[in-house]
Amino acid sequence: MIQNSQSLGLQRHSIRSAARGVLLSGLYLSLAISCHRPLWAQSAPAVITTPGTATAVTLPATTPSADNAAVLRYDGSFEIFHPTVSTGGMVASEHRLASEVGARILQQGGNATDAAVAMGFALAVVLPNAGNLGGGGFMLVRDATKGSTVALDFREIAPASAHPGLFLDANGQVIPGKSTRTPYAVGVPGSVAGLVQAARDYGSLPLSQLIAPAIGLAENGFTVSAVLEEQFRSHRAHLIRWEGTREIFFKRKAGAPECVLQHCPHDVLETYGRGNRLIQKDLANTLRLIAQAGANGFYTGPIAQQIVAELASAGAPSPMTLQDLSQYRVAVRQPIQGTYRGHQILSMPAPSSGGVHLIQMLNLLERYPLAEFGANSARTIHLLAESARLAYADRSEFLGDPDFAKVPQRGLSAKRYADQLAAGINVERATPSKSVRPGQPLPFESDQTTHFSVIDRAGNVVSCTYTLNLNFGSGMVARGTGVLLNNEMDDFVAKPGVPNSFGLLGGDANAVEAGKRPLSSMTPVIVLKDGKAWLATGSPGGSRIITTVLQNLVNIIDFNMNIAQAISTPRTHHQWMPDHLRIERGISPDTIALLKQMGHDVRIMATMGRAQTVQHTQGRFFGASDPRNPDGAAIGIESKHD
């Protein structure tokens with residue numbers, strides 16, 4: 001039986017007798033008086049009411065009688081947010097339909113990798129702004145039997161025509177939009193190769209079985225949600241520029257004259273709205289080719305030819321060739337590892353900056369008693385910001401593709417390096433970013449994106465983040481394929497000192513170069529406890545991914561939150577440059593005032609991240625999908641003997 005994220009089988013903490021001396025609310029009191037006169041009510045409690053103050057109710061310290069057991073059990077939990085609970089496995093993603101696909105694969109006997117691959121293909125259909133075939137990503141795969149974890153790097157690659165001056169004009173200035181809205185923005189996609197290789201090397205079911213649900217969703221369509229309606233509406237101008245994109249994501253307005261969609265006047269077209277059925281026949285055919293021929297069905301033959309032709313449609317030769325596509329390879333790497341308060345943290349190594357700097361920040365924070373300071377207190381937020389300031393400064397200097405540049409990952413993630421950096425943190429005052437420069441880790445050497453997490457009954461785990469970069473990537477669909485193409489080339493440094501779309505700076509380690517993988521912030525994570533998989537999490541969010549995942553882990557480990565509460569708590573973000581502290585709504589005005597007194601430039605901005613978390617603890621599986629995207633869902637399955 002599949003449970004949805006509103007399941008009533010929720011994680012609860014029973015109240016023990018030692019906790020029964022706490023004050024009962026006025027609701028308890030009124031219920032008890034109206035129903036019967038309990039023993040403790042025989043002596044009337046003192047009630048003092050003062051204008052402008054709260055009402056205090058003092059009760060005798062005696063243990064309540066058995067007559068009150070039902071009243072006490074009425075609110076038997078300290079939790080406000082509750083994860084989904086199951087006994088046979090758990091999946092979490094940004095779209096309920098994709099989560100349902102993953103849960104069905106687990107029910108059919110598939111393992112965590114099978115479910116993750118099926119979800120990856122399904123998200124390419126139902127989450128077109130981020131799920132993809134035309135992008136790339138990272139996946140951690142944990143084998144419970146072997147006790148080993150691998151990191152699959154299927155990040156996009158710069159085509160052979162790329163060079164350091166690709167996005168500069170004759171005067172050496174960055175050409176606006178060339179790295180995001182033109183054929184030159186597209187890196188060689190890696191998602192299909194990554195998902196197919198994961199299924200081949202770590203899955204247990206046939207690839208055709210894993211892709212079949214995605215084919216059905218594309219062929220038969222799915223109902224557009226209010227969230228996707230808003231994505232289409234807000235990105236109309238970005239999408240309508242391309243003929244192949246108009247064919248799929250636009251329709252004629254009611255009463256408009258007949259016309260071929262790709263050639264219709266723009267003013268007679270509208271994007272799909274809530275309740276409309278979005279059918280993607282071309283994408284279904286592409287998925288069929290992949291199901292039949294594996295990665296070759298995408299990287300060679302008609303699909304590859306149509307991608308190259310689309311990139312040449314602007315009149316200039318295609319910056320990507322058939323050889324670029326046919327030569328794409330997944331890199332299998334070792335996860336970067338660290339520890340935090342007795343937990344082993346596994347994440348993605350370079351070319352992701354996420355794992356390296358997540359561990360770097362955890363190393364910095366481990367010296368502070370955050371549990372005493374409290375979640376989202378001014379002191380905790382200040383320390384999060386100062387740690388991030390230092391880490392993102394290092395990111396700008398040292399991170400890039402390790403196949404092209406020396407990346408001091410061990411040094412950056414070393415606890416001794418954190419000791420050195422921490423000496424410069426003022427616990428009472430914000431450090432201006434202009435005075436912070438990248439450190440010296442070498443001596444210690446020894447947005448739009450989506451994430452999904454899976455854990456199966458045997459304890460195998462997958463944590464995967466993949467992306468088109470910005471929402472809908474380049475906005476360009478290769479005609480006849482249904483495949484939206486990424487604009488991942490924007491993640492390279494077009495020119496040192498010039499920020500990318502996320503405001504991130506970089507250096508020569510992340511300069512544009514043929515065959516190179518651009519730097520990323522994607523941070524898939526698996527956490528081990530006592531040597532066994534305990535948690536998997538990750539998030540979309542561009543440069544905010546790393547701090548989103550950081551706060552998720554701190555909320556769970558330091559503040560003892562359940563995984564649903566941890567991802568629902570308001571977030572903060574600092575990335576060195578620009579020098580401001582970004583926060584979500586929900587942080588206390590008193591806290592904001594204290595942060596400003598510390599010297600922070602505090603700015604309330606849009607929400608950050610949409611984390612997807614699964615957990616195995618106390619013999620059960622827990623899942624939580626970030627409420628910042630109401631389309632997401634955590635879905636569990638039950639053991640067959642239950």
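No experiment lies behind these values; they were computed from the predicted model shown.
Under a 4.0 Å N-O distance rule, the pair Asp626/Arg628 qualifies as a salt bridge. Of the charged side-chain nitrogens involved, none lies within less than 4.0 Å of a carboxylate oxygen, so that Arg610 and Asp631 do not count as a salt-bridged pair. Classification of Lys281 and Glu219 as a salt-bridged pair holds, one side-chain N sitting under 4.0 Å from a carboxylate O.
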**OP:** Would you sort out whether Tyr466 and Asn486 count as a side chain to side chain donor-acceptor pair (under 3.5 Å), showing the intermediate values?
**Re:** CA-CA 11 Å; Tyr466 73 158; Asn486 67 82; over 6 Å; no
**OP:** Go through Arg544 and Ser539 one step at a time and tell me if the side chain to side chain donor-acceptor pair (under 3.5 Å) criterion holds.
**Re:** CA-CA 9 Å; Arg544 281 87 61 189; Ser539 175; over 6 Å; no
Subject >> Derivation of the side chain to side chain donor-acceptor pair (under 3.5 Å) call for Gln231 and Asn471 >> reply: CA-CA 8 Å; Gln231 292 284 1; Asn471 259 323; 3.2 Å; yes
Original post:
Step by step, would you call His451 with Thr449 a side chain to side chain donor-acceptor pair (under 3.5 Å)?
Top reply: CA-CA 7 Å; His451 181 89; Thr449 307; over 6 Å; no
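Under the 30°/60° scheme for interplanar angles, the aromatic rings of Tyr328 and Tyr299 are found to lie parallel.
What you find for Ala116 and Phe452 is that their closest heavy atoms are O-CE1, 3.2 Å. Residues Asp456 and Ala112 come closest through the heavy atom pair OD2-N, 2.9 Å. Residue Pro402 comes nearest to Pro351 through the heavy atom pair CD-N, 3.7 Å, listed as atom of the first residue, atom of the second, then distance. Heavy atoms only, all atoms of each residue included: Leu106 and Ile455 are closest at CD1-O, 4.2 Å. The two residues Ala611 and Thr537 make their nearest non-hydrogen contact at CB-OG1, 4.4 Å. The minimum heavy-atom distance between Thr572 and Gln551, with the atom names listed, is O-NE2, 2.7 Å.
Taking the side chain as every heavy atom from C-beta outward, Gln197 and Phe154 never approach each other to under 4.5 Å.
Under the 3.5 Å distance criterion, with hydrogens and angles disregarded, no donor-acceptor pair is assigned to the side chains of Gln612 and Glu94. Neither side chain, Ser625 nor Arg96, offers a donor N or O lying under 3.5 Å from an acceptor on the other. No hydrogens or angles considered: nothing links the side chains of Gln306 and Thr481 as a donor-acceptor pair under 3.5 Å.
Other residues, nucleotides and ligands contribute at most 12 non-hydrogen atoms within 6.0 Å of the CD atom of Gln323. Summarising the local packing, CG of Asn560 is surrounded by 12 or fewer heavy atoms from other residues, nucleotides or ligands at distances under 6.0 Å. Summarising the local packing, CZ of Arg341 is surrounded by more than 12 heavy atoms from other residues, nucleotides or ligands at distances under 6.0 Å.
With rounding to the nearest 0.5 angstrom, the CG atom of Asp153 is 4.5 Å from the CZ atom of Arg517. If you take CD on Glu156 and CG on Asn132, they are separated by 7.5 Å, rounding to the nearest 0.5 Å. Here the CG atom belonging to Leu550 is positioned 11.0 Å from the NE2 atom belonging to His573, to the nearest 0.5 angstrom.
A centroid separation of less than 6.0 Å is found between the aromatic rings of Phe232 and Phe472.
Between the side chain of Thr245 and the backbone N or O of Gly475 there is at least one donor-acceptor pair closer than 3.5 Å.
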